[in-house]
Structures are given as structure tokens and as C-alpha cells.
Amino acid sequence: MTDAFPADIPDDLAWQRAAPRGANGPGPWIEIAFGNGDLVYLRETSAPDTVVTTTRAKWDAFALGVRAGEFDHFVDRS
């Protein structure tokens with residue numbers, strides 16, 4: 001993943017927030033947007049000007065790993 005400079009971030013991205021169901025308030029939550037071509041943009045609601053980019057192939061591999069439970073050990077279950 002790489003940091004995106006503000007000038008490189010399209011103005012028309014449709015950000016989708018990943019927050020727990022029923023969550024109220026500003027978070028902080030992670031937001032994701034798919035750009036034109038192969039780029040995927042990620043940011044945190046508390047720092048929307050800091051954007052990280054990755055490719056669609058890498059995002060898909062990560063999302064499939066999450067669905068398969070490969071990252072469950074990182075979740076705080078308290």
C-alpha cells in the first residue's frame with residue numbers, strides 16, 4: 001500500500017464506511033472507495049485527508065482472507 005497525495009485523490013469517490021452494526025457517532029471507522037482503473041482508496045474517518053491506496057487485486061485478496069477467518073486473531077473479543 002502507498003500513501004496518496006491529496007492532488008492524486010479523485011473528488012468524486014463514493015466512500016463506504018465499515019462500522020459495526022448499530023454503531024453511532026463518528027468512529028473512528030475505516031472507509032473505502034474504489035476509483036477508476038485498478039486503485040482502491042482507504043482512509044480513517046478521524047483523518048480523512050490521510051489516504052492509502054492499494055490495487056484491486058490486493059484488496060480482493062485481503063477481503064477474501066477476512067471472509068476466510070485468516071485475521072480473526074487480530075479481533076478484540078472483549
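The basis for the numbers below is simple: all heavy atoms, side chains too, and nothing from hydrogens, waters or symmetry mates. Note that the coordinates shown come from a computational prediction; the quantities given were computed from them, not determined experimentally.
The two residues V51 and W15 come nearest to each other via the heavy atoms CG1-CH2, 4.2 Å. W29 and A18 get closest at one heavy-atom pair: CB-O, 3.6 Å. Here the closest heavy-atom approach between residue R43 and residue P48 is recorded as CD-O, 3.6 Å. Scanning both residues, L13 and A33, for their nearest heavy atoms gives CB-CB, 3.8 Å. Considering every non-hydrogen atom in both S46 and P28, the closest pair reads OG-CB, 3.7 Å.
Among residues two or more places apart in sequence or in another chain, the ring-ring contact (aromatic ring centres under 6.0 Å, His included) test is passed with F71 by F62. D60 is linked by a salt bridge (charged side-chain N to carboxylate O under 4.0 Å, His left out) to R56, counting only residues two or more places apart in sequence or in another chain.
The CD1 atom of I30 lies 11.0 Å from the CZ atom of R17; values are rounded to the nearest 0.5 Å. Rounded to the nearest 0.5 Å, atoms OG1 (T53) and CD1 (I9) are 8.5 Å apart.
Connection of W59 to F74 is established within a shared hydrophobic cluster, with ILVMFWY side chains joined at heavy-atom distances below 4.5 Å, either directly or through further cluster members.
Side chains of T45 and E31 form a contact here, defined as non-hydrogen atoms less than 4.5 Å apart.
Between the T55 side chain and the D38 main chain, no donor and acceptor come within less than 3.5 Å of each other.
Summarising the local packing, CG of N36 is surrounded by 12 or fewer heavy atoms from other residues, nucleotides or ligands at distances under 6.0 Å.
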